[in-house]
Amino acid sequence: QVQLVESGGGLVQAGGSLRLSCAASGRTFSSYTMGWFRQAPGKEREFVAAISWSGGRTYYGDSVKGRFTISRDNAKNTVYLQMNSLKPEDTAVYYCAARSGISPSSHGYDYWGQGTQVTVSS
């Protein structure tokens, strides 16, 4: 089992930045591929970014490429999502997730956090 807790959400103006964190506990964090997803009201959950167990490979959804950066610190059992040039359409609840396997992916996640709200005002 892996427990995931997100933090760092909040209200920011368009063009601003936020950094989300996801702290993991439980089984060995470094053995999991980690991902970020988001869900806006009335919309389906959307893949945002993923990172391999070593941090050497990353994978992004088209809507955030060039603006968001995923990273991880295995010594701190934490994964991050740096969000720059935020837009009102980035407003959503952001979720951290973990999956077994070595490759970053947009599907197949076994463990999920409770989410953190990000609101971008225009």
Side-chain angles (χ1 to χ4, degrees):
Q1 289 284 342
V2 176
Q3 291 79 43
L4 304 171
V5 179
E6 304 95 336
S7 62
L11 174 64
V12 63
Q13 289 188 334
S17 299
L18 277 177
R19 187 176 82 155
L20 305 183
S21 300
C22 173
S25 61
R27 296 184 64 181
T28 306
F29 173 73
S30 60
S31 66
Y32 287 88
T33 290
M34 301 298 296
W36 286 97
F37 293 77
R38 67 187 182 186
Q39 189 166 20
K43 295 187 177 182
E44 294 187 352
R45 186 171 61 199
E46 177 188 13
F47 169 72
V48 175
I51 188 166
S52 62
W53 66 273
S54 67
R57 284 185 287 172
T58 56
Y59 176 40
Y60 294 92
D62 289 340
S63 61
V64 306
K65 282 181 183 176
R67 300 188 298 123
F68 291 11
T69 302
I70 188 171
S71 61
R72 67 190 295 164
D73 185 338
N74 287 343
K76 295 182 178 180
N77 284 6
T78 302
V79 62
Y80 305 97
L81 184 69
Q82 178 66 44
M83 306 185 294
N84 298 329
S85 302
L86 282 161
K87 305 175 182 179
E89 52 263 44
D90 294 317
T91 295
V93 177
Y94 283 71
Y95 297 92
C96 173
R99 66 183 292 270
S100 301
I102 61 173
S103 298
S105 175
S106 61
H107 61 276
Y109 287 81
D110 304 304
Y111 304 102
W112 295 83
Q114 294 300 307
T116 185
Q117 175 71 46
V118 171
T119 303
V120 184
S121 63
S122 57

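For the single chain, residues carry numbers from 1 onward in sequence order. Note: hydrogens, waters and symmetry copies are ignored here, and every other heavy atom, side chains too, is used.
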Residue that, paired with Phe68, satisfies side chain to side chain contact (heavy atoms under 4.5 Å, CB included) out of Asn84, Leu20, Val48, Thr58:
Val48
Hey, does the side chain of [X] reach the backbone of [Y] with a donor-acceptor pair shorter than 3.5 angstrom?
X     : Y     : result
Thr28 : Ser30 : no
Arg67 : Ser85 : yes
Glu6  : Cys22 : no
Tyr60 : Ile70 : yes
Asp90 : Ser63 : no

Interatomic distance, [X] atom [atom1] to [Y] atom [atom2] [nearest 0.5 angstrom]:
X      : Y      : atom1 : atom2 : answer
Thr116 : Arg38  : OG1   : CZ    : 14.0 Å
Arg19  : Ser7   : CZ    : OG    : 9.0 Å
Glu46  : Ser106 : CD    : OG    : 11.0 Å
Tyr109 : Leu4   : OH    : CG    : 11.5 Å
Phe37  : Cys96  : CZ    : SG    : 10.0 Å

Closest non-hydrogen atom pair, [X] against [Y]:
X      : Y      : value
Lys76  : Thr78  : O-OG1, 2.8 Å
Ala14  : Ser122 : CB-CA, 4.4 Å
Thr33  : Pro104 : CG2-CA, 3.6 Å
Tyr111 : Gln1   : CE2-OE1, 3.5 Å
Ser105 : Arg99  : CB-NH1, 3.6 Å
Ala92  : Gln117 : O-NE2, 3.4 Å

Linking I/L/V/M/F/W/Y whenever their side-chain heavy atoms sit closer than 4.5 Å, directly or via other members, would [X] and [Y] fall into one cluster?
X      : Y     : answer
Phe29  : Trp36 : yes
Leu81  : Leu18 : yes
Tyr59  : Met34 : no
Val64  : Phe47 : no
Val118 : Val93 : no

So, Asp62 and Lys65, do they make that salt bridge, N to O below 4.0 Å?
yes
What is the ring orientation for Tyr95 with Trp112, classed by angle as parallel under 30°, tilted 30 to 60°, or perpendicular over 60°?
perpendicular
